[in-house]
Amino acid sequence: MSILVGRKTRVICQGLTGRQGRYHAERMLRYGTQLVAGVTPGKGGSEVLGLPIYDLVQDAVDETDADASIIFVPPASAVDAIMEAAKAGIGLVVCITEGIPVQDMLRLKAALSFYNTRLIGPNSPGIITPGECKMGIMPGQIHQPGIIGIVSRSGTLTYEAVQQTSKVGLGQSTVVGIGGDPVHGLGFIDCLEMFEADRKTKGIILVGEIGGSEEEEAAAYIQRHVRKPVVAYVAGISAPRNRRMGHAGAIVSRAQGSARSKYAALEEAGVMVVFNPALMGAKMLEYFRG
Amino acid sequence: MSILVGRKTRVICQGLTGRQGRYHAERMLRYGTQLVAGVTPGKGGSEVLGLPIYDLVQDAVDETDADASIIFVPPASAVDAIMEAAKAGIGLVVCITEGIPVQDMLRLKAALSFYNTRLIGPNSPGIITPGECKMGIMPGQIHQPGIIGIVSRSGTLTYEAVQQTSKVGLGQSTVVGIGGDPVHGLGFIDCLEMFEADRKTKGIILVGEIGGSEEEEAAAYIQRHVRKPVVAYVAGISAPRNRRMGHAGAIVSRAQGSARSKYAALEEAGVMVVFNPALMGAKMLEYFRG
Amino acid sequence: MKLHEYQAKALFREYGIPTPKGVLVDALDKLEQAARSLGGDEWIVKAQVHASERSQVGGVRWAHGMDELRKAGEALLGQRLHTGYGGPGGQRVDRLLLEAPVQLEQEIYFVMQVDRSLERVVCRVSQSGGSTGAERAGGEIEIVQVEADAVLGFMPFHYRQLSLELDLSRQARRRLAELMQNAYRLFRDKDLVMLRINPLALTGAGELVALDAKLTVDDNALDRQPDLRALHDAEQVDAIERAAEEHGLHYVRLDGDIGCMVNGAGLAMATMDLLKLHGGEPANFLDVGGHVYGPEQVAKALRLILSDGQVKAVLVNIFGGIVRCDLIAQGMIEAAGGQGLRVPVVVRMQGTEAYAGLQALAASDLGFITTHKLEDAARLAVEAARAGVAA
Amino acid sequence: MKLHEYQAKALFREYGIPTPKGVLVDALDKLEQAARSLGGDEWIVKAQVHASERSQVGGVRWAHGMDELRKAGEALLGQRLHTGYGGPGGQRVDRLLLEAPVQLEQEIYFVMQVDRSLERVVCRVSQSGGSTGAERAGGEIEIVQVEADAVLGFMPFHYRQLSLELDLSRQARRRLAELMQNAYRLFRDKDLVMLRINPLALTGAGELVALDAKLTVDDNALDRQPDLRALHDAEQVDAIERAAEEHGLHYVRLDGDIGCMVNGAGLAMATMDLLKLHGGEPANFLDVGGHVYGPEQVAKALRLILSDGQVKAVLVNIFGGIVRCDLIAQGMIEAAGGQGLRVPVVVRMQGTEAYAGLQALAASDLGFITTHKLEDAARLAVEAARAGVAA
């Protein structure tokens, strides 16, 4: 285990009986993830993929000692699913669901602050510690156990970073997709803090994008607290203002959120920035080769 | 300073220009409390008792470096006043106001958990560190600087405990009236923890009353964490069930809240209980005389 | 503040919580017409009093046919129910709620209330509702509880959990979810501290119907709930308590013979406790206010205590803080001067100007028995009451 | 999703936020009657388009008397406003909002929006509202901000703070408090992400009137806001973007000549960035979906890109994860087969079955230019576009 998930993580899947849940659960099992149960209201007592299904998260936790949950439920049920997991004592929740209204997220985040539950997402591809535990929808085969921690707001762009670091032989300690929504759970800083403290992680790739100020805040944090090498790419330097670029969170508004501002802050903080998304792995390798 | 307030505490008064606020502010000043400003919306720029009045707590804090606030406003404005103080960075709020609806308190407590603000009350007589700082409506003259920490749900009954400890020569380190409402700020456990950690405090008197389970929870805490001697009196052993005894919080309901249950828990925890309210000071003295 | 069942059910209907068909009746001659408007030939006749235990004292009656209906009405309307509430005279029944019976499969216990320890609104249910169910069984019957989230309130997973515990059908689950949402909305909108439905009927069709309804409103919120304040039925309260309330005093009538007047609720309870320790029995709890009050308040309070025929002696215990004891003494002399001291009054004073206060009382020659000491005061009051009884 | 001013103002009225008297007009011959129903001899004629900058392009006109009114109407209704939105053709004006002028003393800037960094709803105001005010001045004019509490929302001390900053009279303070309460209720009830009133008029009598109204609804919440969804005016959106929306694609039209088709929003932006690095100009942002999509989706997307006459070359960048690249390739071949490849299409594939996909494309003989490398793909696309322009 490097950060958050590893061999011992016992995972349940909320929404396992749905099409998407079942599809990815099968792949997670195949990857070696300790997926121990599913939760679907009204389907308690049945079995899917050889796993027991429970009506309530609390029942699943009581029976299986699960400590993490991955959520595949429609956006209208996601907040309820996350809160049910938190209330049942689940320590890590990964929410794949896309399309949760932002005001729901505001309320959810406030409510979650009363619990010791970490949330990844929503609208996240998930988290993977290569070779140990995959909680997400990423293609497992491109990952390699290794030394680079990757944290990203984007899905397929994360896969680029993964593939590049696999290709140059560095591999990944853990890869976290924090999700592309404007309000989400774990952020860059949380992951930077964990990667900095993690012995297996030797370098960090941060993949940002336009919108908000999380990259700027991350830059300030790196300057003060991160000693490990950080490579950063920020997508959207070519994006126009006031247009949403796919992700709900990817929008440059009047005063805030441009890639230029983010790059400036990251460079100022001593981060090795790349403007070319094809060079994330190469830049990191360059550092390690000295 | 023993706990929470002392010579250096810089106090503002929200509602200083009201009848009650002004009356008690004058007495606090006379006692030696560092009362530095008042806050009354719409009266900013004026002066009362030689103190500047501000429209906003933030302005008062900016100008006077206040770190504590005592609140005398009507119940309908109290939650707003407390939140304004919290938002302005006030670390300790004493709310004298009586009659705040309990659902307002539920919401307030949830909201306050996002701030580093400690609340005493509402419906509290306040807090006093004898000879240093009086933030409250208690008669200052009965107090004596000394070694007993007193924490109480009741007002005039606290004065009994104060007078008794003054009379036997032990005096008080700090006296906290946590207030008689069912949902309130600082509780017994918070105060026990601080008294236990405070070097000036050598013994603790806990004055409970019927209703709720705070005394039982305090007993469990004492058993595990408190090494200093504790004397406890619980008012209401003669009270009937299902009748509210003055305080909004003083009611024995079906399964919970009787004085007998509280006494049992406290005795079990090794607390020196007294059934006679006239003997709190004597019991404490007995302990110190060995 | 408690509401009557009929008042609570009106709020239920406003908030979409199903109740049985019912008609409120305030005169015997309206009973038959009410029954006919409900239809059928069987009705439930329910006395509208605040006590929870009315069914144990015959306050709820089933009537088959008009004859039984008339008899039930006569047995209740205008009569007094001795429920243990409302003072020695019991509670007068001014209104009857006439309801059509509901065919049910199960009686559920349902309550929403403020949990002061969790600092949350909680909802508790049990499969065993009704008058023989959870409410009276204490800890023996399983009650399941869920807590409203501080930000989000009750959520679908709460509904699911309770539905599973109650073993509800799919249809009934939907109804429970609606009920909880509606009840929580009512709870918050109306500043309730308790909302109890016992029993909550589960019908064969999977519907949930509130057969009974008990609502308690937060007294501290009545200023912003004028509509609810207007529903207050002062008749349900003991006469002396009602008079005290009008004077802004906290008064609770008890069974003993020693009247108590104290400033501060905690000290008032402590004074009662001390009387008990000395073998006495308090006739009341009375807090004249811990902090802000004047001599007039004290005078009123003392007169009120003396107006209770059961009182054989009075113990006054004042800790002078903000208000000076000498002013309090003045108020007491006024109160006594008006009508003389019917019984011995023992006064203990401490704090600000206590000496002056006690001296003034002693000098008044009205027979006040004075002391500085709490302990002595209690002993003297108990002795005085015994002497009074003996005399 | 943006609302029109007239739609926003209808919501304002529903929520107790004062607006000027106004009439919506959708035909020139209704203009005079509308003006007469408002009274007076001066009116403001406002084109109903989504762009914020309409006043800079003549979208808002003052008319004194009927002659000027007619001229203003003719200049706007049925015409197109080139606001920078709605694609190269601008936005057609289908409706006018005719309003009576409001006598005002000050123009205030007022906005409520979600602050993603604070994770709170915030309210921002400035003394300098109107089209020359805070909104356009960037950082130069002071804007004051308060944040709604996570549990309690906006509170009286927030109103007080903003009132002091705006230097309001006692009457206007009350109005601001009401406005903030009503606006926040509207904001929450209707799942808004932005509510802007600029200017908010302060009248001599201390009243606050919303002269303009811009509301943006959370796209993710439209399922539970069917009434708002029904207000959507698709005419305001660029034609290709509208078609993309109907197919569930995220498409944004840009100024360049290289069409882009990518799976995943981040990778789509990265692809645009890379084109720029190589001297190219993307003609669009297009995310076919990061995770769940099929060949049909891809075929639709490619046809859409090719339908844009500005496109001189296309860059397709697919990272196969869940969906196999060979299936994607099939979809592309279908799309191309239908109408042939109008312009060069460079395809880069990586991940699951990328080799098979690229091979299928190459084997199709439809002229797809294929590669595994992101860098190469961008270079090839830029070269192809240049060649196309040259040709």
Side-chain angles (χ1 to χ4, degrees), chain A residues 20 23-24 27 75-76 96 98-107 109-110 113 125 137-139 141-142 152-160 163 180 182-183 207 209-214 217 233 235-240 243-250 254-255 259 275-279, chain D residues 52 85 114 116-117 119-121 135 138-139 148-151 187-188 191-193 218-224 250 252-256 262-277 281-282 285-287 290-292 317-322 350-352 373-375 378:
Chain A
Q20 212 201 348
Y23 179 92
H24 290 291
R27 271 144 197 84
I96 304 299
E98 181 181 351
I100 302 179
V102 68
Q103 291 198 43
D104 285 8
M105 283 306 301
L106 294 183
R107 287 186 280 266
K109 287 295 299 282
S113 67
I137 59 176
M138 62 289 283
Q141 75 278 6
I142 62 172
S152 169
R153 278 170 67 185
S154 148
T156 41
L157 192 48
T158 316
Y159 309 161
E160 285 289 342
Q163 210 208 22
V183 176
V207 185
E209 64 184 32
I210 53 165
S213 57
E214 213 174 327
E217 290 151 23
Y233 168 72
I237 204 155
S238 60
R243 301 302 309 268
R244 191 163 71 82
M245 296 285 117
H247 282 166
R254 204 174 320 283
F275 296 95
N276 184 331
L279 301 181
Chain D
S52 328
Y85 284 83
V114 172
R116 55 201 282 177
S117 179
E119 299 186 345
R120 296 280 182 272
V121 177
E135 196 171 339
D149 183 80
V151 179
F187 197 92
R188 287 180 55 127
D191 273 307
L192 305 184
V193 289
D218 187 346
D219 292 328
N220 285 340
L222 291 174
D223 278 350
R224 66 183 180 200
H250 295 294
V252 177
R253 185 202 277 269
L254 302 170
D255 293 333
V262 189
N263 66 330
L267 191 58
M269 277 188 280
T271 305
M272 288 159 48
D273 294 352
L274 201 56
L275 282 175
K276 279 256 192 187
L277 267 184
E281 285 294 336
F285 165 96
L286 174 55
D287 173 13
H291 305 300
V292 182
N317 184 12
I318 301 292
F319 204 111
I322 296 148
Q350 266 293 2
T352 316
K373 292 194 177 161
L374 184 50
E375 193 81 62

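Bear in mind the structure is a predicted one, so any value in this text is a computation, not a measurement. Throughout, protein chains are lettered first and strands after them, A, B, ... in sequence-line order, and every chain is numbered starting at 1.
Ranked by non-hydrogen atom pairs under 4.5 Å with chain D, the options Ala259(A), Gly180(A), Gly211(A), Ala250(A) are led by Gly211(A). Contact count versus chain A (heavy atoms, under 4.5 Å) is highest, among Leu277(D), Asp255(D), Leu286(D), Asn220(D), for Asn220(D). Of all the listed residues (Ile210(A), Thr158(A), Val102(A)), the one sharing the greatest number of non-hydrogen pairs under 4.5 Å with chain D is Val102(A). Note on Ala76(A), Ser152(A), Gly99(A), Pro240(A): by heavy-atom pairs under 4.5 Å with chain D, the leading option is Gly99(A).
Between Gly266(D) and Leu157(A) the shortest heavy-atom distance is O-CD2, 3.5 Å. For the residue pair Gly264(D) and Thr156(A), the shortest heavy atom distance occurs at CA-OG1, 3.2 Å. Residues Pro139(A) and Gly320(D) share a closest heavy-atom pair of CG-O, 4.4 Å. Scanning both residues, Ala235(A) and Ala270(D), for their nearest heavy atoms gives CB-N, 4.2 Å. Taking every heavy atom of both residues into account, Ala110(A) and Ala150(D) meet most closely at CB-CB, 3.7 Å.
With a threshold of 4.5 angstrom between heavy atoms, Asp218(D) approaches chain A through side-chain atoms but not through N, CA, C or O. When heavy atoms are compared at a cutoff of 4.5 Å, Leu279(A) approaches chain D solely by way of its side chain, counted from C-beta outward. Contacts of Val121(D) with chain A are made by both backbone and side-chain atoms, with heavy-atom separations under 4.5 Å. For Ala268(D), no part lies under 4.5 angstrom from a heavy atom of chain A. Looking at Pro75(A), there are no atoms closer than 4.5 Å to chain D (heavy atoms on both sides), in backbone or side chain.
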CA sep, side-chain torsions, deciding dist, call: Asp287(D), Met245(A), side-chain contact (heavy atoms from CB on, under 4.5 Å):
CA-CA 8 Å; Asp287(D) 173 13; Met245(A) 296 285 117; over 6 Å; no

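Partners of Asp219(D) according to the side chain to side chain donor-acceptor pair (under 3.5 Å) rule, which considers only residues two or more places apart in sequence or in another chain, do not exist here. In terms of the salt bridge (Lys or Arg N to Asp or Glu O under 4.0 Å) criterion, residue partners of Glu160(A) (sequence neighbours excluded) are, by chain and number, Arg348(D).
To the nearest 0.5 angstrom, Ser213(A) atom OG is 7.5 Å from Arg116(D) atom CZ. In this structure, OG in Ser238(A) is found 3.5 Å from CE in Met272(D), a value given to the nearest 0.5 Å. Taken from CZ in Phe319(D) to CD in Gln163(A), the straight-line distance is 4.0 Å, to the nearest 0.5 Å. The distance from the CD atom of Glu119(D) to the CE atom of Met105(A) is 7.5 Å, given to the nearest 0.5 Å. Rounding to the nearest 0.5 Å gives a distance of 8.0 Å between CE of Met269(D) and OH of Tyr233(A).
Side-chain atoms of Asp273(D) come within 3.5 Å of backbone N or O of Ile237(A) as a donor-acceptor pair.
Arg188(D) is listed as a side-chain neighbour of Arg107(A), based on a closest heavy-atom distance under 4.5 Å. Side-chain contact between Asn276(A) and Leu274(D): present, with at least one pair of heavy atoms (C-beta onward) separated by less than 4.5 Å. Put simply, the side chain of Thr352(D) reaches to within 4.5 Å of the side chain of Gln141(A), judged on heavy atoms. The closest side-chain heavy-atom distance from Arg244(A) to His250(D) is below 4.5 Å. In this structure, the side chains of Gln350(D) and Tyr159(A) stay at 4.5 Å or more apart for every pair of heavy atoms. Looking at heavy atoms from C-beta onward, Asp104(A) lies in side-chain contact with Arg224(D) at the 4.5 angstrom threshold.
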